[in-house]
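Predicted model only: the values in this text are computed from it and were never measured. Quick note: residue numbers are just sequence positions, from 1. Order of appearance sets the numbers: ligands from 1, and atoms from 1 within every ligand.
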Amino acid sequence: MGTKDSDRGTGLPDAQRRRLLGASLGAGALALVGHWHGARAAPPAVRTRLIQVPHKRPLILRSQRPLQLETPLELLNRQVFTPNDAFFVRWHTGKVPPKADARRFRLRVHGQVRNPLSLSLNDLQHNFDVIELAAVAECAGNGRRWFRPRVAGTQWGDGAMGNATWRGVRLRDVIEEAGPTDAAAQVRFDGLDRSSRQGADYRKSLNLGAVRDGDVLLAFAMNDDPLPRLNGYPLRLVVPGWYATYWVKMLNDVEVTDRRDDGHWMADAYRIPDDPCACTAPGHPASHTAALSRLTVRSLITSLQDGAHIRGERTYTIHGLAFDAGYGIERVLFSENGGRSWRQARLGKDPGRYSFRPWHIRFAPVPGKSYALMSMAINRLGQTQRLTPRWNAGGYLRDVIETVHVRAV
Ligand SMILES: Nc1nc2c(c(=O)[nH]1)N[C@H]1C(S)=C(S)[C@@H](COP(=O)(O)O)O[C@H]1N2
Ligand SMILES: [Mo]
């Protein structure tokens, strides 16, 4: 499905620098709006707007202020690594800071440390071990638009996620170099963006225990290129297996603290009901909440969209992806009859335990028949996806087995 034929822009008023592509995604996406009774059918009359900002392909516009752009599903299809110019964008601030000057940029490490640091990009790249790993960044609100009843917040489809190789240095090594004092308890991360009408200054914290995990990176490269400005140039935190809310962009300030962060983005936002399900009944707020942390197990069919009409009398290869919090995907099962029977899909190459894992399977539809296609991933711990959707007021932790309804014609 091409995005180029969506080029009939309507143009929004404050869009001088941007080329707005004010049309729907094209035939496949239009089918989404249709009559299909799938739980995932988009609310009627909602048109999916594509927008093109500098250094990005046309992406789905979820909001302009703050800037929130979603990757169309077809750009996640059949590529394990999401190209930088297709990678989703989520800011909380109304105004994304200008691109930092790499020569003047410094990362400050201070607070409960014996040896405060001020590190240039060059210091980071040459004074510490450089490592690289593949990891999925998924927004905690990914899939929120499928929650019923509907919840407040950005109505993301499934494209508020992407997979990349991240190159950088271990956070652990930098913190060790600074030498935490005995009082050290947490580490707080702050980027170049500041508070705005859209919200408080964006800061997130991790416990010292999580920081000691050698896979947490201060990353300066993404898919072998410098980070795009909108994805955090020149430096971002990468917390593999954890929701991207922790992956602070344009990171320039790391503070080791002696107490729990009571700032807005830790204490009020990005919290889930503190029970094993992380569920509540609509209208019944959770009495206890916990900060979000690890990703759920998920899989998606990426080669067909809900409501699609497909040709019968042809064998299809269905493609999809699966991921979890880094324990590793062990199996993906596929059903063409709404979960009554399952077949095992073939897993593609494994780029690492935090990465998207591609899978595919053959499917031979019969003309005139309708199919409810499903996929279910199972990780090495035996964790799998839910059969019924969980509900919580934040629209977090989506991990239900998704259904793609298609009709063979
Ligand atoms: N400095 C800064 N970092 C941030 C944010 C932000 O608003 N400011 N948003 C966070 C959230 S909620 C998400 S989902 C990811 C989005 O990363 P991306 O824009 O590279 O896709 O960045 C995280 N890091
Ligand atoms: Mo997010």
- Query: Tell me: protein heavy atom nearest atom 10 (C) of ligand 1, and distance?
  - Reply: Tyr202 OH, 3.6 Å
- Message: Regarding Arg167 and Asp224, does a basic nitrogen lie under 4.0 Å from an acidic carboxylate oxygen?
- Response: yes
- Could you tell me the residue and atom name of the protein heavy atom closest to atom 15 (C) of ligand 1, and the distance to it rounded to 0.1 Å? Ala244 O, 3.5 Å
- Item | Arg144 CZ to Leu397 CG distance, which is reported to the nearest 0.5 Å | 11.0 Å
- Message: Could you check whether atom NE2 of His55 has more than 12 heavy atoms from other residues, nucleotides or ligands sitting under 6.0 Å from it?
- Response: no
- Query: With a cut-off of 4.0 Å, which atoms of ligand 1 are near a heavy atom of Asn231?
  - Reply: 18 (P), 19 (O), 20 (O), 21 (O)
- Are any of the N or O atoms of Phe88 closer than 3.5 Å to those of ligand 1? yes
- Any idea which protein heavy atom is nearest atom 14 (S) of ligand 1, and the distance to it? Cys139 CB, 3.5 Å
- Residue and atom name of the nearest protein heavy atom (relative to atom 3 (N) of ligand 1), distance in Å to one decimal: Lys249 N, 2.8 Å
- Message: Angle between ring planes, Trp265 versus Tyr202, binned at 30° and 60°: parallel, tilted or perpendicular?
- Response: tilted
- Message: Out of Arg236, Glu138, Met222, who is nearest to atom 17 (O) of ligand 1 when you count heavy atoms only?
- Response: Arg236
- Query: For ligand 1, is there an N or O atom under 3.5 Å from any N or O atom of Trp247?
  - Reply: yes
- Task: Please verify whether a non-hydrogen atom of Tyr246 lies at under 4.0 Å from ligand 1.
- Result: no
- Query: Quick one: nearest non-hydrogen protein atom to atom 2 (C) of ligand 1, plus distance?
  - Reply: Asp193 OD2, 3.4 Å
- Item | Short N or O distance, Tyr270 and ligand 1, threshold 3.5 Å exclusive | no
- Give a yes/no verdict on a cation-pi contact between Lys204 and Phe189, requiring under 6.0 Å between NZ or CZ and the six-membered ring centre and an angle within 45° of the axis. no
- Note on the structure: ring pair (Phe, Tyr, Trp, His ring centres under 6.0 Å) filter on Trp359, not counting sequence neighbours, yields none
- Message: Less than 3.5 Å apart, any donor N or O on the side chain of Thr296 or Asp399 sitting next to an acceptor on the other?
- Response: no
- Query: At under 4.0 Å between heavy atoms, which part of Leu230 makes contact with ligand 1: side chain, backbone, both or neither?
  - Reply: backbone
- Taking all non-hydrogen atoms of both residues into account, name the closest pair between Met161 and Thr71 and its distance. O-OG1, 4.2 Å
- Atoms in ligand 1 with a heavy atom of Thr245 nearer than 4.0 Å: 11 (C), 12 (S)
- Item | Rounded distance [0.5 Å steps], OG in Ser375 versus CG in Leu333 | 9.0 Å
